[in-house]
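On a predicted model such as this, the values are computed, not experimentally measured, just so you know.
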Amino acid sequence: MAWLGNGAKARVLGLVSGLALSVGAGMAVAAPQTTVDRNGAYVSVETYAPNVIRVTISQDKDLAKGAPGYGVNGTATDKGWRHDQKAGADIFTSAELSLEVVAQPWPGAPSLQERYFAPALPPVSIKVRKPDGTSLVDMTGWEMAPHVISGEKTFRAGASFSTTADEHFYGLGQNQESESALDLRGRTIDCKHDYDAPHGESVCVPFLVTSKGYGILWDNPSATKIYPGVNGRTLWQSNVGERVSFFVITGKTTDEIYAGYRALTGVTPLPPKAAFGYIQSKARYESQAEFMAVADGYQKRQLPLDIMVLDWFHWTRMGQIDIDPAQFPDPAGMNKTLHDRGIHTIISVWPRFEQEGRYFNYLANKGWFLKDENGNPVDGLPFRSDRTGALIDSTNPEARDWFWGKIRDNIISQGFDWLWLDETEPDLVPSGFYFHAGTGDRIRNAFPLMHAQLAADGSRRDRPDKRNLILARAAYTGAQRNGSLFWSSDIQPTWEALRRQVPTGLNFTASGLAYWGNDIGGWQWLPSTTTATKAPLLDPSDARDVVGQNNDYPELFTRWFQYGVFTPTLRVHGMRKGNELWSFGKEAEDVLSKYLKLRYALMPYLYSMGKTTYDTGSPFMRGLFMDFPNDPQVANIGDEYMFGPAFLVAPVTQQGQTERDVYLPAGADWYDYWTNQKYTGGQTIRVKAPIDVIPLFVRAGSIVPIGAPITNTSQAQAISAVKVYPGRDAEFSLYDDDGVTNAYEKGVGKTVKLRWDDKAGKLTATGDKALAAQAQAAVQVVK
């Protein structure tokens, strides 16, 4: 570590300890921790749970023993672990795994060839095994390559891990390159937040889950490249770091791995029930009158609506943190009227400040902006003319507290329920610049964690009885605990973009963050003409003022909406003249209305899945590999997925398509949701998919509670049916509560265990008596 000066070393130690606490990222208790010396390479092993263990390697002992970085808030414990030494090796064993720091004698004098090519670092080797001794993964090498970044002498820090030819890889946040493939094997993942990524914004969550029963959580927030399963190894390389730090999480099922991730990085809150309903948005509603007219339109048509979104440029100037009184003369009254109808609101808040704004000089004098090398605020970026304004430094706790206070007093005080924190990448790319907590290169990927935290912490402190919700378009390790609903940013309104959303969302939720969605219909402006090669399946003639000559757009929007009904967040958005369900023609409106009502009929099922995610950390939008690990056919399927334990969803993503192939995983029988026809798993079938049908199947041995019609979740919803799809025994935990407060965290709510005895043909319901009786009376066995 001599190459890193004492001052720089002190800064690094501060970043991985005190500053982690200052941003709420969490510093785990240092003990129990064992540090061993491998010829001048210090290896620290820290245990967190029987299936969670951390390894840190550095040539500086203090750094090797340092706390985890951003995003980790779990507590280390030695419960269930033992440490043995055998033939110079250190072996750490629990009931779930063993980790061996291999005895590594210093090699003899190097040969002539080795003088040129042998690594200069002391060798370190780590072996991770199952309890029965079967190999899981080995760390086969590590690297520290010195270079200078933003004036800091630092290293490119990396490590390589063994792999097998039949291993598959998932997660790593949001990467929109693929149109159908899910497996990341053989790809190069540039793990950094990048709004301008060619295929759509990339978001780094450095958590890789494999088909072999383990996941690796990489503990470094700088830009990182990962090469899963390339040339017989998986390689991680971070641009800035003075140590290698990573966690291994194991599990007999993927759900056990996500339980380990939850214990390590935090609980996913249960969102307000409204978040599972319909969210209406457009870029942008320009006035209070227009905003209310949209709400009136849904009420007039008796279409369900839970949340209205007020997007950007409602302010007088960027950074004023206000609402333009000329266009929104009475926001408090507007919100009261909507609340009286059971409709909630979200308002967009940006982290940028124009020089002419009332707060710019104050924030600049405080030093609360992202800065250049001379200490001046970074104002916009030269390569994008739309990026005017300085970025508030959300790595600074004082700046965060100030920003929340202004949001609370200037905006939330007007009755808005929740926040849309846009540009959380941040959009002003921080590389080469400086935050309070370190260089933009060093902590690049951690910014969205800290920025969303200001609203999560502020809301918890100032609105303790109100459940929080944040719309955010970037994430990092642990970001799930801030109560964010993530979305895939400003995507194109094309069939190609729609196809990319399906595998993109599945790998995002596979990264341990359950709540993901996308701008239904695409965000960017519509092309002026169509590129369709087939006749549109919906008539566009009565929607010309919105779609122009883009004749197939009503069809695209409708297929996108069908898919959106089976994602965690159902939200339309985009740069269109109209963006409401009646904006795309009468034929489209009829189909859209059908699926919107289906979403609300499934609300008891959806909300119960949200509670399960809160309890377990498992996502409910799931790649098929999670539930069918013994079926090799599903390893790379990215255009189908499970939605909770019951539904297999196969979206239609090609223009003019009226049928598609659907693979039904082996190990289960399947019912066509629309016809109740039963199929044996392990086969591909051709399914008809006219414009009003999304291919949808239900696994045999499923229980699906159905709710009565409602116009929003503020209304009490009775259970109108409990559909049982026979074929095996089944269980489902039905849950309900007030949908608004945080009382659920104290166990307040109604739970009913539904159990289906397939041999007896009987369903029993135990738990809350009133809800159980309601469910018992509504049983419908599918035949």
- Would you confirm whether D417, through its side chain, and T345, through its main-chain N or O, come within 3.5 Å as a donor-acceptor pair? yes
- Message: I'd like to know if the side chain of Q174 reaches the main chain of S489, judged simply by a donor and an acceptor atom lying under 3.5 Å from each other, with no hydrogens or angles considered.
- Response: no
- Report yes or no: does W674 contribute a side-chain atom to a donor-acceptor pair with the main-chain N or O of P695 at less than 3.5 Å? no
- Residue pair Y70 / N445, side-chain donor-acceptor N/O under 3.5 Å: no
- Find out whether the Lys NZ or Arg CZ of R571 is both under 6.0 angstrom from the six-membered ring centre of W420 and within 45° of the ring's axis. yes
- Task: State yes or no: are the ring centers of F584 and F557 separated by less than 6.0 Å?
- Result: yes
- Message: Please verify the inter-ring angle class for Y298 with Y278; under 30° counts as parallel, over 60° as perpendicular, anything in between as tilted.
- Response: tilted
- Query: How far does OG of S459 sit from CD1 of I407, to the nearest 0.5 angstrom?
  - Reply: 11.0 Å
- Query: Do the side-chain N and O atoms of W487 and T569 include a donor-acceptor pair separated by under 3.5 angstrom?
  - Reply: no
- Message: Using a 3.5 Å distance criterion without hydrogens, assess whether the side chain of N636 forms a donor-acceptor pair with backbone atoms of L182.
- Response: yes
- Just by distance, with hydrogens left out, do Y563 and Q501 show a side-chain donor and acceptor under 3.5 Å apart? no
- Message: Looking at K466, I want to see if its NZ is surrounded by more than 12 non-hydrogen atoms of other residues, nucleotides or ligands under 6.0 Å.
- Response: yes
- Item | Test of ring centre spacing under 6.0 Å for Y605 and F732 | yes
- Check whether any side-chain heavy atom of L428 lies under 4.5 Å from a side-chain heavy atom of Y195, and answer yes or no. no
- Do Y641 and W516 have ring centres separated by under 6.0 Å? no
- Hey, are S348 and W350 close enough side-chain-wise for a donor-acceptor pair under 3.5 Å? yes
- Query: Are R622 and D255 ion-paired here, with the side-chain N under 4.0 Å from a carboxylate O?
  - Reply: yes
- Would you call the rings of F647 and F566 parallel, tilted or perpendicular, where under 30° means parallel and over 60° means perpendicular? tilted
- Is the side chain of T234 donor-acceptor paired with the backbone N or O of G229 at a distance under 3.5 Å, no angle test? yes
- Query: Are P221 and F447 close enough that some pair of their side-chain heavy atoms sits under 4.5 Å apart?
  - Reply: no
- Got a salt bridge between E425 and R473, using NZ or NE/NH1/NH2 to carboxylate O under 4.0 Å? yes
- Message: Is it the case that the side chain of R499 and the backbone of S178 share a donor-acceptor pair, with hydrogens and angles ignored and the cut-off at 3.5 Å?
- Response: no
- Task: Taking all non-hydrogen atoms of both residues into account, name the closest pair between L648 and E640 and its distance.
- Result: CD2-OE1, 3.8 Å
- Please report the C-alpha distance between W404 and L419 in whole Å, then the side-chain angles of each, then the deciding distance to 0.1 Å, and finally whether the side-chain contact (heavy atoms from CB on, under 4.5 Å) criterion is met. CA-CA 11 Å; W404 166 256; L419 298 177; 4.0 Å; yes
- Message: Checking the side chain of R599 only, and the main-chain atoms of V565 only, is there a donor and an acceptor separated by less than 3.5 Å?
- Response: yes
- CD1 (I249) and OH (Y258) are apart, to the nearest 0.5 Å, by 10.0 Å
- Message: For D631 and Y663, which I'm curious about, is there any donor-acceptor pair between the side chains at under 3.5 Å?
- Response: yes
- Message: Do the side chains of D639 and R660 get close enough for a salt bridge, i.e. N-O under 4.0 angstrom?
- Response: yes
- Verify, without hydrogens or angle tests, whether T509 (side chain) and M621 (backbone) share a donor-acceptor contact under 3.5 angstrom. yes
- Query: Side chains of L598 and Y673: closer than 4.5 Å at any heavy-atom pair?
  - Reply: yes
- Query: For N220 and S222, what are the C-alpha separation, side-chain angles and deciding distance, and is it a side-chain hydrogen bond (donor to acceptor under 3.5 Å, both in side chains)?
  - Reply: CA-CA 6 Å; N220 187 311; S222 69; 2.7 Å; yes
- What do the steps show when you test R699 against D627 for side-chain contact (heavy atoms from CB on, under 4.5 Å), and what is the final call? CA-CA 11 Å; R699 179 163 38 181; D627 296 306; 4.3 Å; yes
- Message: Quick one, P206 and Y476 - any side-chain contact, counting heavy atoms below 4.5 Å?
- Response: yes
- Message: Can a side-chain donor-acceptor contact be found between Y614 and Y744 if the only test is distance below 3.5 angstrom?
- Response: no
- Query: Can you tell me how far the CZ atom of F486 sits from the CD1 atom of I470, to the nearest 0.5 Å?
  - Reply: 8.5 Å
- Item | Lys/Arg-Asp/Glu bridge criterion (N-O < 4.0 Å) met for D738, R467 | yes
- Message: Does L303 form a side-chain contact (heavy atoms from CB on, under 4.5 Å) with S593? I'd like the steps, not just the answer.
- Response: CA-CA 7 Å; L303 293 174; S593 300; 3.4 Å; yes
- Message: To check you understand the geometry: which heavy-atom pair defines the closest contact between Q717 and P604, and what is its length?
- Response: OE1-CD, 3.6 Å
- Query: Distance-only, no hydrogens or angles: does the R262 side chain make a donor-acceptor pair with backbone N or O of T268 under 3.5 Å?
  - Reply: no
- Task: Check whether the side chains of E555 and Q655 place a donor and an acceptor atom closer than 3.5 Å, and report yes or no.
- Result: yes
- Minimum side-chain heavy-atom gap W495-W560 below 4.5 Å: no
- Item | Smallest separation among heavy atoms of A514 and T613, with atom names | CB-CG2, 3.7 Å
- Query: For A510 and F625, which heavy atoms make the closest approach, and how far apart are they?
  - Reply: CB-CZ, 4.2 Å
- Note on the structure: Separation between CH2 (W670) and OG (S702), nearest 0.5 Å, reads 7.5 Å
- Message: Testing the 3.5 Å rule here: is there a donor-acceptor pair between the side chains of Q480 and T265?
- Response: yes
- Item | Evaluation steps, side-chain contact (heavy atoms from CB on, under 4.5 Å), between I691 and R559 | CA-CA 8 Å; I691 189 58; R559 289 300 197 191; 3.7 Å; yes
- Between E496 and R500, is there a salt bridge with N-O shorter than 4.0 Å? yes
- Under 3.5 Å side-chain donor-acceptor pair for H168 and S211: no
- Item | Atom pair CG (N175) and CZ (F508), whose distance is rounded to the nearest 0.5 Å | 10.5 Å
- Between D190 and K192, does at least one N-O distance fall below 4.0 Å, as a salt bridge requires? yes
- Query: Quick one: does N73's side chain get under 4.5 Å of R481's, heavy atoms only?
  - Reply: yes
- Message: Regarding D306 and K273, does a basic nitrogen lie under 4.0 Å from an acidic carboxylate oxygen?
- Response: no
- In Å, rounded to the nearest 0.5 Å, how long is the span from CG of L172 to SG of C204? 7.5 Å
- Item | For Y600 against N712, the heavy-atom pair lying closest together | CE2-CA, 4.0 Å
- Message: On a heavy-atom basis, which atom in Q280 and which in V572 lie closest, and how many Å separate them?
- Response: NE2-CG2, 3.5 Å
- Query: Within the distance-only criterion (no hydrogens, no angle test), does the side chain of H193 pair as donor or acceptor with the backbone N or O of A475 below 3.5 angstrom?
  - Reply: yes
- Task: Please say which of F247, F207, W236 ends up in a ring pair (Phe, Tyr, Trp, His ring centres under 6.0 Å) with W218.
- Result: W236
- Query: Are D183 and F169 side-chain neighbours, meaning at least one heavy-atom pair lies under 4.5 Å?
  - Reply: yes
- Message: Within the 4.5 Å heavy-atom criterion, are Y607 and D737 side-chain neighbours or not?
- Response: yes
